[in-house]
Trainee: 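After the structure tokens below, expect a handful of questions from me.
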Amino acid sequence: MPELPEVETMVQGLRPLVEGETLLAVEAHDPKLVHVRPALDLPVEVRALARRGKYALFDLGDRLLVIHLRMSGRLAWGASAPEGRVRLALRFPDGAVYLVDPRRLGTAEVVREFKGELGPEPFGDLSWLPTALKGSRMPIKLWLMDQRKIAGIGNIYAAEILFRAGIDPRRPARGLEPAEVRRLENAIPEVLQAALAEAGTTLPDGVYQGPNGERGGFAVELSVYGREGEPCPTCGAPVQRMILGGRGTYFCPCCQR
DNA sequence: TCATCCCTGTGG
DNA sequence: CCACAGGGATGA
């Protein structure tokens, strides 16, 4: 479910609630996550809450609690348990952070160092992009979604970025023209920042919610994702759906070449 | 570079 | 009933 803008929204919402606060207890309501509790020396102060790629990182001093929400997870703050399948509860004096995850694909680990194999964040200076693209024959959409190449982009935003850049998702990364790479360099941060400004994307199913249950407002701005058969906002041709790398892929065959 | 699997829920 | 879902690790 959550890509960079959604994870960032959750982290920003939780940060003032947990930073400098004391983590009192951890309850695992899922056998897959029972290893988290005994790996911690409680109580412990949360020194910082950060995001890297699609990971949420609780800095506990000598340890790091690393949470990845995968497809259906979210982090919610509350005085009591929220609706839904609560897998993990992090107790603080004034409330708790709940990991809610119906599909149980989300992960939580306690480590000494974060060692996810992540590429650079998709903001700031992207001048490394042309060189990086040259080395790969992967379809550009799969390249954008490969977290080792660039961190934080998932299925929704890959589709939206490529639409904005006017590039067919199947094009090999190394085959992009310089002008196309430049459009990509612009589209990546533009799309992600726009989504961030709307607090992420909540699709009509309402799975994604912010830390206090808010919906993200970016769904209405999606140009192609989830819009098979609807008119392309630029040219009016019907948006097409195909399978690429096993994932549903939306694009405008007219505007993206 | 692929299919497959991990899980559960929802919608056609 | 089957198809599909905001992700990613794994093994062929």
Side-chain angles (χ1 to χ4, degrees), chain A residues 1-11 28-33 51-56 66-76 83-88 99-109 111 114-119 122 135-163 169-175 191-192 194-196 198-211 214-229 241-250:
Chain A
M1 163 189 85
E3 305 181 33
L4 185 153
E6 290 76 34
V7 178
E8 180 66 24
T9 298
M10 288 187 266
V11 163
H29 302 261
D30 187 324
K32 290 171 79 177
L33 301 178
R51 177 198 59 73
R52 176 80 173 92
K54 302 174 193 172
Y55 291 87
V66 181
I67 294 181
H68 195 298
L69 301 166
R70 288 291 213 281
M71 294 286 267
S72 64
R74 69 186 184 97
L75 294 174
E83 293 289 310
R85 301 304 185 85
V86 174
R87 305 298 176 189
L88 198 66
L99 169 58
V100 184
D101 185 8
R103 285 175 70 180
R104 301 175 59 206
L105 296 172
T107 59
E109 302 284 343
V111 298
F114 179 65
K115 56 181 194 308
E117 294 179 47
L118 293 182
S136 174
R137 286 168 304 188
M138 293 173 79
I140 184 60
K141 181 181 181 241
L142 301 192
W143 193 95
L144 289 172
M145 292 177 68
D146 186 336
Q147 303 301 299
R148 296 167 301 186
K149 304 271 196 294
I150 184 168
I153 300 170
N155 204 31
I156 291 181
Y157 297 114
E160 295 299 308
I161 286 165
L162 289 171
F163 174 76
R170 297 164 288 194
R171 295 273 302 283
R174 60 153 68 158
V191 168
L192 295 175
L196 210 41
E198 297 292 330
T201 299
T202 300
L203 295 176
D205 63 17
V207 169
Y208 165 70
Q209 299 176 20
E214 322 87 319
R215 297 175 66 89
F218 196 67
V220 293
E221 294 180 38
L222 294 176
S223 297
V224 290
Y225 183 86
R227 298 194 185 278
E228 182 181 18
R241 178 183 182 275
M242 61 185 289
I243 300 291
L244 193 58
R247 312 291 301 275
T249 299
Y250 300 87

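Residue numbers start from 1 in every chain, and the chains themselves are labelled A, B, ... in the order their sequence lines are given, proteins ahead of strands.
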Trainee: Within the 3.5 Å criterion, strictly below it, is a donor on Thr201(A) or Tyr157(A) matched to an acceptor on the partner's side chain?
Mentor: yes
Trainee: Below the 4.0 Å mark, does dG9(B) have OP1 or OP2 next to a side-chain nitrogen or oxygen of Arg85(A)?
Mentor: yes
Trainee: Using only atom types and a distance under 3.5 Å, with no angle test, would you say the side chain of Thr202(A) pairs donor to acceptor with the backbone of Arg215(A)?
Mentor: no
Trainee: Please tell me if the side chains of Ile140(A) and Arg170(A) come closer than 4.5 Å, counting only heavy atoms from C-beta onward.
Mentor: no
Trainee: Mind checking whether Asp101(A) and Arg74(A) have side chains closer than 4.5 Å, heavy atoms only?
Mentor: no
Trainee: Rounding to an integer number of Å, can you tell me how far Arg104(A) CZ sits from dA5(C) C1'?
Mentor: 18 Å
Trainee: With hydrogens left out and only the distance checked, is there a donor-acceptor pair under 3.5 Å joining Asp205(A)'s side chain and the base of dG6(C)?
Mentor: yes
Trainee: When the distance from CZ of Arg74(A) to P of dT8(B) is rounded to whole Å, what number comes out?
Mentor: 18 Å
Trainee: Give me the distance, rounded to whole Å, that separates dC1(C) from dC6(B) when you measure between the C1' atoms they each carry.
Mentor: 22 Å
Trainee: Measuring only the P atom in each nucleotide, how far is dG6(C) from dT1(B)? A whole number of Å is fine.
Mentor: 22 Å
Trainee: Answer with yes or no whether Arg103(A) presents, from its side chain, a donor or acceptor under 3.5 Å of a partner atom in the base of dA5(C).
Mentor: yes
Trainee: Under 4.0 Å, counting only non-hydrogen atoms across every strand here, what does Arg247(A) touch: a base, just sugar-phosphate, or nothing?
Mentor: base
Trainee: Give the rounded distance in Å between these two atoms: CZ of Arg70(A) and C1' of dA9(C).
Mentor: 7 Å
Trainee: Report yes or no: do Ser136(A) and Lys149(A) form a side-chain donor-acceptor pair below 3.5 Å?
Mentor: no
Trainee: Give the rounded distance in Å between these two atoms: CZ of Arg215(A) and P of dG6(C).
Mentor: 17 Å
Trainee: How long is the line joining CD of Glu3(A) and P of dG8(C), in whole Å?
Mentor: 9 Å
Trainee: From the list dT1(B), dA9(C), dG9(B), which nucleotide is the closest neighbour of the side chain of Pro102(A)?
Mentor: dG9(B)
Trainee: Hey, could you give me the NZ/CZ distance between Lys32(A) and Arg87(A), rounded to the nearest 0.5 Å?
Mentor: 9.0 Å
Trainee: In whole angstroms, how far is the P atom of dG8(C) from the CZ atom of Arg52(A)?
Mentor: 12 Å
Trainee: Let me know the distance between NZ of Lys141(A) and C1' of dT1(B), rounded to the nearest Å.
Mentor: 16 Å
Trainee: Taking syn as within 90° of 0 and anti otherwise, name the glycosidic form of dG6(C).
Mentor: syn
Trainee: Are OP1 or OP2 of dG8(C) and a side-chain N or O of Gln147(A) less than 4.0 angstrom apart?
Mentor: yes
Trainee: Base, sugar-phosphate or nothing for Arg241(A)? Non-hydrogen atoms, less than 4.0 Å.
Mentor: sugar-phosphate
Trainee: Please tell me which of the listed nucleotides, dA9(C), dG9(B), dG6(C), lies nearest to the side chain of Val207(A)?
Mentor: dG6(C)
Trainee: If you measure from OH on Tyr250(A) to CD1 on Ile156(A), what distance do you get to the nearest 0.5 Å?
Mentor: 9.5 Å
Trainee: Taking only N and O in the side chain of His68(A), is any of them less than 4.0 Å away from OP1 or OP2 of dG8(C)?
Mentor: yes
Trainee: Base, sugar-phosphate, or nothing: which does Gly245(A) touch, judged by heavy atoms less than 4.0 Å apart?
Mentor: nothing
Trainee: Does the side chain of Lys54(A) get closer than 4.0 angstrom to OP1 or OP2 of dG7(C) through an N or O atom?
Mentor: yes
Trainee: Please examine the side chains of Met10(A) and Tyr208(A), heavy atoms only from C-beta on, and report whether any two atoms are closer than 4.5 Å.
Mentor: yes
Trainee: Just to be sure I follow the notation: if a pair is Watson-Crick (purine N1 to pyrimidine N3 plus N6-O4 or O6-N4) or a G-U wobble (N1-O2 and O6-N3), each under 3.5 Å, what dot-bracket string does DNA chain B give, with | for pairs to another strand?
Mentor: ||||||.|||||
Trainee: I want to check something: taking the side chain as every heavy atom from C-beta on, are Asn155(A) and Lys141(A) in contact at a cut-off of under 4.5 Å?
Mentor: yes
Trainee: dC6(B), OP1 or OP2 - any side-chain N/O from Lys32(A) closer than 4.0 Å?
Mentor: no
Trainee: Whole angstrom is fine here: how far is it from CG in Leu203(A) over to P in dA5(C)?
Mentor: 11 Å
Trainee: Please state whether the phosphate of dG6(C), meaning OP1 or OP2, lies under 4.0 angstrom from any side-chain nitrogen or oxygen of Tyr225(A).
Mentor: yes
